[in-house]
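Comments concern the structure below.
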Amino acid sequence: MRPAHVALVLLVILVWGVNFAIIKVGLNGVPPLLLGTLRFLLAAFPALLFVRPPKLPLRLYLAFGLTMSVGQFAFLFSAIHVGMPSGLASLVLQSQSFFTLLLTVLWLREKWQANQLAGLALAAAGLILIGSAHGANMPLNGFLLTIAAAAMWACGNIVSRAVGRHGPINQVAFVVWASLVPPLPLLLLSWLIEGPAAIGSALQHFSLQSFAAVAYIAWASTLFGYAVWNFLMSRYAVNRIAPFTLLVPLVGLTTGWLAFGEALQAVHLIGGALLMVGLIVNLFGAPLLAKLRLKT
């Protein structure tokens, strides 16, 4: 990779890793479902004035918006709102890779590979360890909500596979126009769950800090992040770019510790290490196994 492109991908990883702490800041003044509503409104407007919607069936826009956007972020924002440490959320959310693997086997009838099974077992052990250490520093409902967010991200990945069958498209334009789907469902959920009084109070006392948080989540994390990521994915092999996402939890954990003093228990660290090793085995295990077979 060219040095400039390495710098770009590392910048995206930094933006995505810090995003979890920014979410926590945004939740200080805005309830989670309303924060999600504002995030997608700002991601869609005014960006949709500058890009055309890709020619895709409406059902794919709806499916992507309801899974990757409404489902994932309603659960993730709610998890951090009820006390899930932002850094730990960035780590647990990576379990989406294994939910995606399960869905591809169950839904798309893909076959297991040995490294995938090994990675899945390691990740499952890591998640069980993390979940077993719930308490004041990590409420169980926050952990379960983060797992639910990871599962919805995986569902969104399956939708993305369906989008890919329609040929190359402007992925950033797709994300922008798909951002029109979440605001109404999220606002309705906010009205029903958080209540009109909470919505009114948050909007009435909407601060510059809240706007900055929403703007960062919408413009930096979503639009800038996806634009640069898809640019790099179009120029390099997937296996050259995708492994960089393993650095996101490192940034998330460090930011959570520096910004909020989030301290993890030893069992969290051991569980997180197992989860990350599982991800590495899932990503790199197949070529290693192939080399071992050739040597034998």
Side-chain angles (χ1 to χ4, degrees), residues 6-7 9-32 35-36 39 72-73 75-98 122-123 125-150 153 207-210 212-222 224-225 229 243-280:
V6 173
V9 73
L10 291 176
L11 178 58
V12 171
I13 296 306
L14 178 64
V15 167
W16 283 348
V18 171
N19 186 55
F20 291 87
I22 299 297
I23 291 169
K24 189 168 182 175
V25 171
L27 290 169
N28 284 334
V30 184
L35 183 66
R39 174 253 178 93
Q72 179 187 178
F73 291 103
F75 285 127
L76 177 62
F77 287 9
S78 297
I80 296 175
H81 176 70
V82 300
M84 182 70 176
S86 61
L88 202 53
S90 72
L91 177 64
V92 174
L93 197 63
Q94 298 307 310
S95 62
Q96 60 84 17
S97 296
F98 299 100
L122 288 167
L127 289 173
I128 290 170
L129 276 178
I130 293 170
S132 70
H134 63 85
N137 292 333
M138 189 201 74
L140 181 59
N141 57 348
F143 173 75
L144 294 176
L145 284 167
T146 308
I147 292 292
W153 182 355
S207 64
L208 182 60
Q209 175 180 286
S210 297
V214 174
Y216 182 96
I217 297 167
W219 294 338
S221 180
T222 304
F224 172 78
W229 189 258
F244 280 97
T245 59
L246 294 173
L247 297 174
V248 171
L250 177 61
V251 177
L253 288 165
T254 303
T255 306
W257 173 61
L258 291 173
F260 309 115
E262 294 177 355
L264 303 183
Q265 300 176 32
V267 68
H268 290 147
L269 296 173
I270 296 170
L274 283 172
L275 176 59
M276 296 306 292
V277 170
L279 286 168
I280 292 170

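- With sequence neighbours excluded, the residues forming a ring pair (Phe, Tyr, Trp, His ring centres under 6.0 Å) with Phe77 are Phe73, listed by chain and number.
- Phe20 is listed as a side-chain neighbour of Leu93, based on a closest heavy-atom distance under 4.5 Å.
- Shown here for Ala79 and Thr146, the closest heavy-atom pair between the two residues is CB-OG1, 3.3 Å.
- Rounding to the nearest 0.5 Å gives a distance of 11.0 Å between CG of Leu14 and CG of Asn19.
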Task: Working for side-chain contact (heavy atoms from CB on, under 4.5 Å), residues His268 and Leu88 - done: CA-CA 8 Å; His268 290 147; Leu88 202 53; 4.1 Å; yes
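- Side-chain contact between Leu247 and Leu10: present, with at least one pair of heavy atoms (C-beta onward) separated by less than 4.5 Å.
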- [ ] Carefully, step by step, assess Arg39 and Thr222 under the rule side-chain hydrogen bond (donor to acceptor under 3.5 Å, both in side chains).
- [x] CA-CA 9 Å; Arg39 174 253 178 93; Thr222 304; 2.6 Å; yes
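- Considering every non-hydrogen atom in both Gly83 and Pro139, the closest pair reads O-CD, 3.4 Å.
- Between the CG atom in Leu76 and the CG atom in Leu145 there is a gap of 9.5 Å [rounded to 0.5 Å].
- Residues Thr255 and Ser86 are not in side-chain contact: their nearest non-hydrogen atoms beyond the backbone lie 4.5 Å or more apart.
- The main-chain N or O of Phe224 is never found under 3.5 Å from a side-chain atom of Trp219 such that the two would form a donor-acceptor pair.
- Distance CG/Leu274 to CG/Leu269: 11.5 Å, rounded to 0.5 Å.
- Ile130 places a side-chain heavy atom less than 4.5 Å from the side chain of Met138.
- Rounded to the nearest 0.5 Å, atoms CG (Leu275) and OG (Ser95) are 6.5 Å apart.
- Residues Phe143 and Val92 have side chains in contact (heavy-atom distance under 4.5 Å, counting atoms from C-beta outward).
- Here the CE atom belonging to Met84 is positioned 10.0 Å from the CG atom belonging to Leu140, to the nearest 0.5 angstrom.
- Using a distance-only test at 3.5 Å, with no hydrogens or angles considered, no donor-acceptor pair links the side chain of Gln94 to the main chain of Met276.
- Looking at Pro32 and Leu27, their side chains come closer than 4.5 Å, going by heavy atoms from C-beta outward.
- The nearest pair of heavy atoms linking Leu91 to Gly272 is CD2-CA, 3.4 Å.
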Task: Trace of the side-chain contact (heavy atoms from CB on, under 4.5 Å) decision for Val18 with Tyr216 - done: CA-CA 10 Å; Val18 171; Tyr216 182 96; 3.7 Å; yes
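- Summarising the geometry, atom CG belonging to Leu264 is positioned 6.0 Å from atom CG belonging to Leu253; distances are rounded to the nearest 0.5 Å.
- Contact check for Gln209 versus Val25: side-chain heavy atoms found under the 4.5 Å cut-off.
- Under a 3.5 Å cut-off, the side chain of Ser78 and the backbone N or O of Phe75 do not form any donor-acceptor pair.
- Side-chain contact between Phe98 and Leu122 is absent, with no heavy-atom pair separated by less than 4.5 Å.
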